[in-house]
Amino acid sequence: PSRPSPPSSSNSNPNPTPTFNNRPTPPSVRTPGGPISPTTRSPYNPSPAYKPLSTSGAPTVRSGGGGYGTTAKRVAGAVVAGAVAGAVVVAAGYFLYGGRHSSPYCRGNDQDRFVSGQCPRGTSSQSHTCKTSIPLCQIPTSVKSRWALGSSAPPQVDVSFDKSFCSAVPLPEDTDVNTTSPVSTGAAATNSSTDILGVEGESGLDACFRRIIAAGGCSAHTPTNMFVFDEDSSACGCCSSLQVTTVESENFASAVYTYRQPAISSAPDHCISGSTMFYPDVAGGADVAHACECGSCETCGAGNTRYMDWSGPFVIPDSVGTVSFADGSKTQPLYDPVETCLCNDGAAYQCGLDQSAMESSSAASALVGGVFSSNVVVFSSVLVMFVGLVRRG
């Protein structure tokens, strides 16, 4: 999808504070199927107020991440002895990690995502004025120079079936993901988000997938590139066939994933201000955590729609984001178009629709249905992208 051209950006702007209308009338949103209203709930709508949700209230981005929140969120805790305990208050600017740093629980309800402690999430700085825009910092050259690309980059992971499982081929017990990695080996190993400042929640998905790659990838064991991971039991293995079973209960501990070649050929330029970004290092092993910081970011200009890869998170180039889709019908982009601004850029722009628009909209309660409806699903071979073993440098 194309997007409106931003105003010219200049750091030498005599007025360092961006100006914009807090209640604008934004232009229509362009999609492959034609323009839509800016208040239409759609995966192509960059406004956080009008992103589609699953039936459980989770974001529908294929990587499993996203869900940027412009206001603080209070989530009730678990029910203990008939009483609700352990309520969690999530600060504004939160988001869910995607890809290898996500978790099956991230596709569940609010308790799964925010209370379970098993759905990694991050947060952005919130000193800028336009809260609907995600503030961005430049990624340092020292980080970009060590970004693994091409054949040395690990595959990207997408969730294909929520609360589902498949008949799996067990991985070799002696698979060693990397003895120099901060993540321990074995199916029960935790994610690389463990004990990292700025990341809440842990998952074993990253360690599971790295075991699969270390074992030769799913194509070395089965005719698919699908694998299953269960957060509760730490079960991890390649699906022996394309048949997937979706459970009827609301237990989101398990999900079926696919993986694919990375789409970028050069290191990204921007990450989310105040967040921890994960990136693949040329040395291999677990992703490296980078603290994305560029000052307080009180001034944030050059607002525009940009494509976010929530597995970092980092911004994908337009040349990739505009032509990458989650399905052949182009009903959903592969990377999430979101409202953003650049920290320390004084260029004026118009602030997008804010969260109050969603709360007052009659469309707020209209949730997009889940991707899978039947209990037993045969995954179309058109959607299964076979990839070989990707060796890390």
Side-chain angles (χ1 to χ4, degrees), residues 63 65 95 97-102 120 122-125 134-158 176-185 189-199 202-203 205-214 217 259-295 297 306-321 324 335 340 342-344 387-393:
S63 72
F95 62 85
Y97 283 93
R100 302 186 308 277
H101 300 288
S102 185
T123 190
S124 71
S125 63
I134 300 175
L136 302 176
C137 292
Q138 287 192 338
I139 298 175
T141 302
S142 59
V143 171
K144 296 172 66 173
S145 65
R146 295 196 58 82
W147 201 288
L149 299 166
S151 61
S152 64
Q156 291 189 277
V157 171
D158 295 323
D176 186 354
V177 293
N178 191 326
T179 56
T180 63
S181 166
V183 181
S184 58
T185 61
T190 57
N191 201 348
S192 53
S193 61
T194 306
D195 300 325
I196 293 179
L197 185 65
V199 181
E202 301 175 15
S203 172
L205 177 61
D206 180 46
C208 166
F209 184 61
R210 286 163 61 254
R211 288 187 68 226
I212 288 174
I213 295 303
Y259 59 97
R260 56 185 167 84
Q261 295 278 16
I264 58 174
S265 58
S266 60
D269 292 324
H270 295 95
C271 53
I272 296 179
S273 170
S275 74
T276 293
M277 179 191 73
F278 293 103
Y279 71 94
D281 189 85
V282 292
D287 285 356
V288 175
H290 165 68
C292 183
E293 298 175 350
C294 52
C297 195
R306 296 177 172 92
Y307 294 89
M308 190 69 67
D309 184 337
W310 292 106
S311 65
F314 45 80
V315 174
I316 291 291
D318 289 352
S319 58
V320 175
S324 300
Y335 301 102
T340 63
L342 303 182
C343 292
N344 307 315
V387 298
L389 169 63
V390 177
R391 299 186 181 277
R392 306 188 67 172

In Å and rounded to the nearest 0.5 Å, what is the [atom1] to [atom2] distance from [X] to [Y]?
| X | Y | atom1 | atom2 | result |
| --- | --- | --- | --- | --- |
| Cys343 | His270 | SG | NE2 | 9.0 Å |
| Asp158 | Arg260 | CG | CZ | 4.0 Å |
| Asp287 | His101 | CG | NE2 | 3.5 Å |
| Cys271 | Phe314 | SG | CZ | 10.5 Å |
| His290 | Ser275 | NE2 | OG | 8.0 Å |
| Leu136 | Thr340 | CG | OG1 | 4.5 Å |

Under 4.5 Å between any side-chain heavy atoms of [X] and [Y], yes or no?
| X | Y | result |
| --- | --- | --- |
| Ile264 | Pro317 | yes |
| Asp309 | Tyr307 | no |
| Gln156 | Ser311 | yes |
| Val199 | Tyr97 | yes |

Do side-chain atoms of [X] reach the backbone of [Y] as a donor and acceptor pair under 3.5 angstrom?
| X | Y | result |
| --- | --- | --- |
| Asn344 | Cys294 | yes |
| Arg100 | Pro155 | yes |
| Ser152 | Ala148 | no |
| Ser102 | Gly99 | no |

Determine whether Ile272 and Met308 satisfy the following criterion, side chain to side chain contact (heavy atoms under 4.5 Å, CB included), listing intermediate values before the conclusion.
CA-CA 10 Å; Ile272 296 179; Met308 190 69 67; 3.9 Å; yes
Does the ring center of Phe278 lie less than 6.0 Å from the ring center of Trp310?
no
Taking the ring of Phe209 and the ring of Tyr259, is the distance between their centroids below 6.0 Å?
yes
Minimum heavy-atom separation for [X] to [Y], with atom names?
| X | Y | result |
| --- | --- | --- |
| Val288 | Asp281 | CG2-CB, 3.6 Å |
| Pro135 | Ser125 | CG-O, 3.5 Å |
| Thr123 | Phe95 | N-CE2, 3.4 Å |
| Ala289 | Thr276 | CB-CG2, 3.8 Å |

Taking less than 2.5 Å as the test, are the sulfur gamma atoms of Cys292 and Cys137 close enough?
no
Assess the residue pair Met277 and Ile139 against the criterion (side chain to side chain contact (heavy atoms under 4.5 Å, CB included)); give the C-alpha distance rounded to whole Å, side-chain angles, the decisive distance to 0.1 Å, and a yes or no.
CA-CA 10 Å; Met277 179 191 73; Ile139 298 175; 3.8 Å; yes
Ring-plane angle category for Trp147 and Tyr279, please: parallel below 30°, perpendicular beyond 60°, tilted otherwise.
parallel
Take Lys144 and Asp269 through the salt bridge (charged side-chain N to carboxylate O under 4.0 Å, His left out) test and state the conclusion after the steps.
CA-CA 8 Å; Lys144 296 172 66 173; Asp269 292 324; 2.6 Å; yes
